[in-house]
Amino acid sequence: MLMYIDYVKRSGDELNAYNEEILAALYEGEGYHRYSPRRFDLYALVERVFNFNYASANMKSLEYGYTIDKDEIPQYAISDRQLIYRSLLNLIGNAIQFTESGFVHLTVSLLNEDEKRIYIEFTIKDSGVGIPGNKQDEIFERFTKLAPSNKGGERHRGLGLTLTRNAVDALDGELHLRSQLSKGSEFRMLIPVQKTVDQKTLI
């Protein structure tokens with residue numbers, strides 16, 4: 001019980017900070033997506049995103065978790081930590097919002113690498129309501145409203161996915177979607193990050 005309360009508190013703290021960033025984005029425009037690389041702990045970033053969404057997933061009794069291929073992906077990398085963090089928050093938050101039962105899972109794996117960079121694939125899968133094929137391009141437009149469920153209710157996929165797409169562009173990455181109505185969705189975010197010389201300590 002104490003652990004769950006701690007998750008709720010941390011989720012609330014993260015939500016307040018994130019809402020402040022969203023408001024700043026509306027005022028600052030493109031500056032919100034300015035690429036600012038630095039060395040960061042990738043494992044800790046993923047855990048922080050997981051903790052942020054834990055309470056929401058738990059309230060729906062979803063099977064919720066993540067896996068990182070730690071044999072292939074280094075703990076530390078150089079990129080814009082905040083842009084990656086915001087993007088994952090948006091994608092996982094949406095997955096939980098549109099999944100009433102079943103699962104939401106994040107997989108972090110190595111796609112490719114060269115001498116200076118590694119290419120990381122973040123895959124978010126859910127068993128949610130899904131998105132019709134003729135609407136999948138529209139969801140990345142600002143304040144788009146869709147009604148993908150068989151309940152007929154109007155559902156929102158708005159500013160968050162627009163910010164995610166713009167953030168991924170700023171990271172020189174790619175964002176792909178596969179979805180089928182009533183059978184869930186899969187978002188794949190491909191992000192190149194620079195390798196670090198020393199993986200032992202964080203600058």
Review point. Does the side chain of Thr162 come within less than 4.5 Å of Asn166's, by heavy atoms?
Key: yes

Study note, to complete from the structure: In this structure, CG of Leu171 is separated from CZ of Arg86 (nearest 0.5 Å) by 10.0 Å

Exercise for review: Spell out, yes or no, whether Leu106 and Phe50 are grouped together once hydrophobic residues are joined by side-chain heavy atoms under 4.5 Å, including indirect joins.
Suggested key: yes

Check your understanding: salt bridge (Lys or Arg N to Asp or Glu O under 4.0 Å) with Glu113: which residues, sequence neighbours excluded?
Key -> Lys195

Check your understanding: With hydrophobic residues grouped by side-chain heavy-atom distances under 4.5 Å, do Leu42 and Tyr35 end up in a single group?
Key -> yes

Study note, to complete from the structure: OG (Ser87) and CD (Gln82) are apart, to the nearest 0.5 Å, by 10.5 Å

Exercise for review: Report the distance from atom NZ of Lys125 to atom OG1 of Thr99, rounding to the nearest 0.5 Å.
Suggested key: 13.5 Å

Review point. Considering only heavy atoms from C-beta outward, does the side chain of Leu89 approach that of Tyr85 to under 4.5 Å?
Key: yes

Review point. Does a side-chain heavy-atom distance below 4.5 Å link Glu100 with Lys60?
Key: yes

Review point. Can you hop from Tyr43 to Val49 via hydrophobic side chains spaced under 4.5 Å?
Key: yes

Point to revise | ILVMFWY cluster, Leu190 and Ile84 together (side-chain gap under 4.5 Å) | key: no

Review point. Does any N or O in the side chain of Asp126 come within less than 3.5 Å of the main-chain N or O of Gly184, such that one atom is a donor and the other an acceptor?
Key: no

Point to revise | Spacing of Ile92 atom CD1 and Ser56 atom OG [to the nearest 0.5 Å] | key: 11.5 Å

Exercise for review: Please check if the side chain of Thr196 supplies one atom and the backbone of Ile78 the other of a donor-acceptor pair under 3.5 Å.
Suggested key: no

Review point. Any idea which heavy atoms bring His105 and Thr107 closest together, and the distance?
Key: ND1-OG1, 3.4 Å

Practice item. Look at the side-chain heavy atoms of Ile, Leu, Val, Met, Phe, Trp and Tyr, link any pair under 4.5 Å apart, and say whether Ile191 and Leu45 land in one connected group. Key: yes

Practice item. Mind checking salt bridge (Lys or Arg N to Asp or Glu O under 4.0 Å) for Arg188 and listing every partner two or more places apart, or none if nothing turns up? Key: Glu121

**Study point:** Reference residue Arg165; test side-chain contact (heavy atoms from CB on, under 4.5 Å); the match among Asp169, Leu161, Leu163
**Key:** Asp169

Review point. What closest approach, in Å, do Gly173 and Pro192 show between heavy atoms, and which atom pair accounts for it?
Key: CA-CD, 4.0 Å

Review point. Going from CZ on Phe122 to CG on Leu111, what distance comes out if it is rounded to the nearest 0.5 angstrom?
Key: 11.5 Å

Check your understanding: Under a 4.5 Å cut-off applied to non-hydrogen side-chain atoms, are Met189 and Leu88 in contact?
Key -> yes

Check your understanding: Do the non-hydrogen side-chain atoms of Leu175 and Leu91 ever get within less than 4.5 Å of each other?
Key -> yes

**Study point:** Which atom of Ile124 lies closest to which atom of Ala95, heavy atoms considered
**Key:** CG2-CB, 4.0 Å

Exercise for review: Side-chain contact test, heavy atoms from C-beta onward, threshold under 4.5 Å: evaluate it for Thr164 versus Asn94 and give yes or no.
Suggested key: no

**Study point:** Ser185 side chain to Ser179 backbone, donor-acceptor under 3.5 Å
**Key:** no

Point to revise | Residue pair Leu83 / Ala170: nearest heavy atoms and the distance that separates them | key: CD1-CB, 3.9 Å

Practice item. Please round to the nearest 0.5 Å and tell me the distance separating atom OH of Tyr119 and atom CG of Asn112. Key: 7.0 Å

Check your understanding: Taking the inter-plane angle between the rings of Tyr64 and Tyr54 on a 0 to 90° scale, is it parallel (under 30°), tilted (30 to 60°) or perpendicular (over 60°)?
Key -> tilted

